There are 2 protein chains.
Amino acid sequence: MNADHYENVALLRGLLLRLARSDWRKLTKWSIKASEVRLLLVLKENSLLGESQRMTVSDISKILQVTSPTVTQMINNLIKNDYVIRTTHPTDRRIAEITLSQKGDKIAQEASEMFTKMFEGLIDFLGKEQSDQLIHLMDQSIVYFEQVDIEKL
Amino acid sequence: MNADHYENVALLRGLLLRLARSDWRKLTKWSIKASEVRLLLVLKENSLLGESQRMTVSDISKILQVTSPTVTQMINNLIKNDYVIRTTHPTDRRIAEITLSQKGDKIAQEASEMFTKMFEGLIDFLGKEQSDQLIHLMDQSIVYFEQVDIEKL
DNA sequence: AACTAATAGGTAGGTAACCTATATATTAAT
DNA sequence: ATTAATATATAGGTTACCTACCTATTAGTT
């Protein structure tokens, strides 16, 4: 553990901050918000996984890691412009089932392709091995941040 | 370039999103906002680099990568509770010079120590070599994202 | 000196992306 | 039948930004 073992603390902090604020998340070619595109993508990807096309507010909330009122709000916006459809579960009327409309599916498809190309580009740019490394390191970093107790710092 | 060269596209996207939304940025033990703590840190770190304690709104804006109205707003809040002081440049009266008050310096000091410990913790957790790798890969990713043209995707 | 352009910052008002607290509807459990 | 639990919605708020515009001041030009 030499003298400059920790030389990169500031660098690391700065990079994480920049990456967090990076613009790719805010991209939206479509006339809906970036967060709403992400929601459409969740629905699309769920159906591609062979799961049912219908998802509940709670499912979406878990995947996007936001609270259910946040999901409701996004869905209300999406319904307003016919990107998704809300129906009631046939046997449990508490549950709202959300499905993509044709319009929503089209955007989800385009967004999916765009993000795929964007991240394929990143993998090409970094190289396969390096991108695997990045995945591993980011995953570990998330583990670290989830476990660290600020009160004890 | 085998079949699953791009297998990790979704994984990479998900991790970047999670890291972006990670909570460490929102931490604030103090009675001011996280973004305001970051501003105090900029002032503190600038003075530690031997630069003058005084910084202009433009300087801060460049470092935090936010617009000047955003900086003005944060500074107004910080002034309200005596964390920073705004004075006018002696020879160029257009320029506002921002300095830490004693109260602000104390928080900046604490925050600096906290973040330092937090990122030292990350370096220990990942290992020195791995954390250097992470820095390199994040840096390259930022380069990539800055250069990628969405319109062409 | 007078005028125009450039620079630095502030003001007003808005938006995205979240949140908490609370209410409502429905179903499950006792 | 009553109470508790669950799923979602509503109301209203917050943070962290932004753009458009305005003012004050300084620099450059004729």
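Letters A, B, ... mirror the listed sequences (proteins, then strands); counts begin at 1. Given the structure is predicted, the values throughout are model-derived calculations rather than measurements. When reading the values below, keep in mind they use all heavy atoms of this one structure, side chains included, and skip hydrogens, waters and symmetry mates.
Considering only residues two or more places apart in sequence or on other chains, B:Arg94 meets the salt bridge (charged side-chain N to carboxylate O under 4.0 Å, His left out) condition with B:Asp92. Remark: B:Lys103 engages no residue in a salt bridge (charged side-chain N to carboxylate O under 4.0 Å, His left out) (not counting sequence neighbours). Qualifying side-chain contact (heavy atoms from CB on, under 4.5 Å) partners for B:Thr116, counting only residues two or more places apart in sequence or in other chains: A:Val9, B:Ser112, B:Glu120. In this structure A:Arg18 satisfies the salt bridge (charged side-chain N to carboxylate O under 4.0 Å, His left out) test together with B:Glu146, sequence neighbours excluded. Residues satisfying the salt bridge (charged side-chain N to carboxylate O under 4.0 Å, His left out) test with B:Arg13, not counting sequence neighbours, are A:Glu45. Under the side-chain contact (heavy atoms from CB on, under 4.5 Å) criterion, A:Ser61 pairs with A:Val71, not counting sequence neighbours.
For the pair B:Arg38 and D:dC17, the criterion of a side-chain N or O lying under 4.0 Å from OP1 or OP2 is met.
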Please tabulate, one pair per line, all N/O donor-acceptor pairs under 3.5 Å involving side-chain atoms of residues 77-85 of chain A, not counting sequence neighbours.
residue: A:Asn77; atom: OD1; partner: A:Lys80; partner atom: NZ; Å: 3.1
residue: A:Asn77; atom: ND2; partner: A:Glu36; partner atom: OE2; Å: 3.2

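At the heavy-atom level, A:Ser61 lies nowhere under 4.0 Å from the strands shown. Residue contacts for A:Ser35: at a heavy-atom cut-off of 4.0 Å it reaches the sugar-phosphate backbone alone, with no base atom in range. Residue-level contact check: B:Thr28 touches neither bases nor backbone, having no heavy atom under 4.0 Å from any strand.
Looking only at atom types and distance, the side chain of A:Glu113 has a donor-acceptor partner in the side chain of A:Gln109 under 3.5 Å away.
Nearest-nucleotide mapping onto DNA chain C: of A:His89 and A:Thr67, the residue sitting toward the 5' end is A:Thr67.
Atom-to-atom, CG of B:Leu64 to C1' of D:dT15 comes out at 15 Å; the value is rounded to the nearest Å.
The nucleotide range of DNA chain C contacted by chain B, defined by atoms under 4.0 angstrom from heavy atoms of the protein and reported 5' to 3', is C:dA6 to C:dC18.
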Tabulate protein N/O versus nucleotide N/O from nucleotides 8-10 of chain D, keeping only pairs under 3.5 Å, one per line.
residue: D:dT8; atom: OP1; partner: A:Val57; partner atom: N; Å: 3.4
residue: D:dT8; atom: OP1; partner: A:Ala96; partner atom: N; Å: 3.2
residue: D:dT8; atom: OP1; partner: A:Ala96; partner atom: O; Å: 3.4
residue: D:dT8; atom: OP2; partner: A:Ser58; partner atom: N; Å: 2.9
residue: D:dT8; atom: OP2; partner: A:Ser58; partner atom: OG; Å: 2.1
residue: D:dA9; atom: OP1; partner: A:Arg86; partner atom: NE; Å: 3.4
residue: D:dA9; atom: OP1; partner: A:Arg86; partner atom: NH1; Å: 2.5
residue: D:dA9; atom: OP2; partner: A:Thr72; partner atom: OG1; Å: 2.7

